[in-house]
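Notes follow once the structure below has been shown.
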Number of protein chains: 2
Amino acid sequence: MTKADTISKRNRILNIAEELFAQRGYDGVTLRQIASGANVDVALASYHFGKKLDLFNAVFERRAELLNASRLSALRLAQDNANKKGPSVEQVIEAFLRPLEIAQESGDEGWKNYLALIAYVNNSPHWGALMMSKIFDELVNEFIAALRKALPNAKHEDIYWCYHNLSGALTLTLAQTGRIDKLSKGACRSSDFRAAYDVMIPFAAAGFRKVCKARKD
Amino acid sequence: MTKADTISKRNRILNIAEELFAQRGYDGVTLRQIASGANVDVALASYHFGKKLDLFNAVFERRAELLNASRLSALRLAQDNANKKGPSVEQVIEAFLRPLEIAQESGDEGWKNYLALIAYVNNSPHWGALMMSKIFDELVNEFIAALRKALPNAKHEDIYWCYHNLSGALTLTLAQTGRIDKLSKGACRSSDFRAAYDVMIPFAAAGFRKVCKARKD
DNA sequence: TTAAGCTTTCAACAGTTGTTGAATAATTGG
DNA sequence: CCAATTATTCAACAACTGTTGAAAGCTTAA
């Protein structure tokens, strides 16, 4: 009996759907490919999840609660350890990013696929923004509030534009396209989230400080 | 005779394919939707471009040369106006981004779609990196060389990680997902490239400086 | 054991997909 | 003008799509 046999067919469908959707996007995957990858009949996906889009939503929401809780508790920890001025920009960004790294280092390949799926959704026009909002807005607003507290002189919209830049850098990292590997001729590896965040945290923090202090008009 | 009639059917196919591929991705668009949008028979796309993937490549390559030339000349201009130390980080990033803004302000809606298509390709795992390399590597290496000259103390891989962050911020901007609009409750608009770059340039420049000076190990 | 309720497979559906070969129309060069 | 090339449409193909109803298998509890 292989390991796959011990996992319920329902979860096998979720796992392979997660992987395929992350690699090829919603329209690039057929239910038959998912069923075949899960070693299961085509109809079983419909039985468990309904329409194809419902399956996609189930995949996207499966790990959301755990991930959000992990990032929120990292933020709370930083806030508890800070003085009344609240955590610094670096500390807030650290709490925003590091949990994603731990998720990868758990050794669960599924997490890696899930993060790539987030990148796919976040970069998708129109419907992507809706789906992202539903799952992540509450958490993101917490972080933005913490950033605003750390940067009291910031113009209202500058906080959002800076967050947008951070979100973009993060999204491209999560997508794991391998482009930076090739460009740097192997000096950087897309799969090395820790190395990415080691640079992204000071990079983004310096950006926030520069933009949100220099421009007070 | 409407305006559409004055444009060759071949170009109408390219235009509508550009728009649809940018909005829904490669697999999210059918040749019949393209043909219908161009008011043309399905077979005509195959006649002019061959397979569906060939059409996609034709779309992706159509504006590449012009765009690359525009960005390269912006870099050359900055280099000509600089002293022998070369242009500053801000000036290099400015040359990297501003041509994309001009492309939008030309009023040609097609450019906007094309930039969103670049975002789609750049964020796509595996095949995206190959396609990006083929079209943009030569130009990107020019910019990275200029950045390295502006940051002589930088560790080799830090330049690439910083560029990765900039590329991610840019990619999410080009994707025009509308997410930042919603998150900021209208304070920021995805369609306003100038506002995005006004923040992105000092943001990224500060990030480059911080990362590529502080860490010399 | 039996009956009930899940789970899984089987078989088939109507519609859509990319692609092609032949037929027709439009354009061009002599 | 005609002939030849190019552009465009028409019709059809085999393969594949998501979805469903019915049948069969399995688990569980009385």
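Convention: sequence-line order gives letters A, B, ...; per-chain numbering from 1. Just so we're clear, the structure is a prediction, and the values are computed from it rather than from any experiment.
- F49(A) is linked by a ring pair (Phe, Tyr, Trp, His ring centres under 6.0 Å) to nothing, counting only residues two or more places apart in sequence or in another chain.
- Taking S124(B) as the reference, Y120(B), W127(B) meet the side-chain contact (heavy atoms from CB on, under 4.5 Å) condition, with sequence neighbours excluded.
- In this structure a side-chain-to-backbone donor-acceptor pair under 3.5 Å is missing from K112(A) to S191(A).
- I13(B) places its CD1 atom 14 Å from the P atom of dG18(C), with the value rounded to the nearest Å.
- Note: CZ (R10(B)) to P (dT27(C)) measures 18 Å, nearest angstrom.
- Contacts with DNA chain D (heavy atom under 4.0 Å) in residues 21-28 of chain B: none are found.
- Under the rule for a ring pair (Phe, Tyr, Trp, His ring centres under 6.0 Å), the partners of F208(A) that lie at least two apart in sequence or sit in another chain are F203(B).
- Contact check, H48(A) against dC6(C): no side-chain N or O comes under 4.0 Å of OP1 or OP2.
- Residues that satisfy the salt bridge (Lys or Arg N to Asp or Glu O under 4.0 Å) test with K134(A), not counting sequence neighbours, are E61(A).
- In this structure, K9(A) places its NZ atom 14 Å from C1' of dT27(D), rounding to the nearest Å.
- E19(B) is linked by a salt bridge (Lys or Arg N to Asp or Glu O under 4.0 Å) to nothing, counting only residues two or more places apart in sequence or in another chain.
- With sequence neighbours left out, the salt bridge (Lys or Arg N to Asp or Glu O under 4.0 Å) criterion links D41(A) to no other residue.
- Taking atom CG of residue L44(A) and atom C1' of nucleotide dC6(C), one finds them 12 Å apart after rounding to whole Å.
- Residues passing the salt bridge (Lys or Arg N to Asp or Glu O under 4.0 Å) test with E109(A), sequence neighbours excluded: none.
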Exercise. Summarise protein proximity over nucleotides 17-22 of chain D in one line of letters, 5' to 3': B for base, S for sugar-phosphate only, - for none, counting protein heavy atoms closer than 4.0 Å.
Key: BBBB--
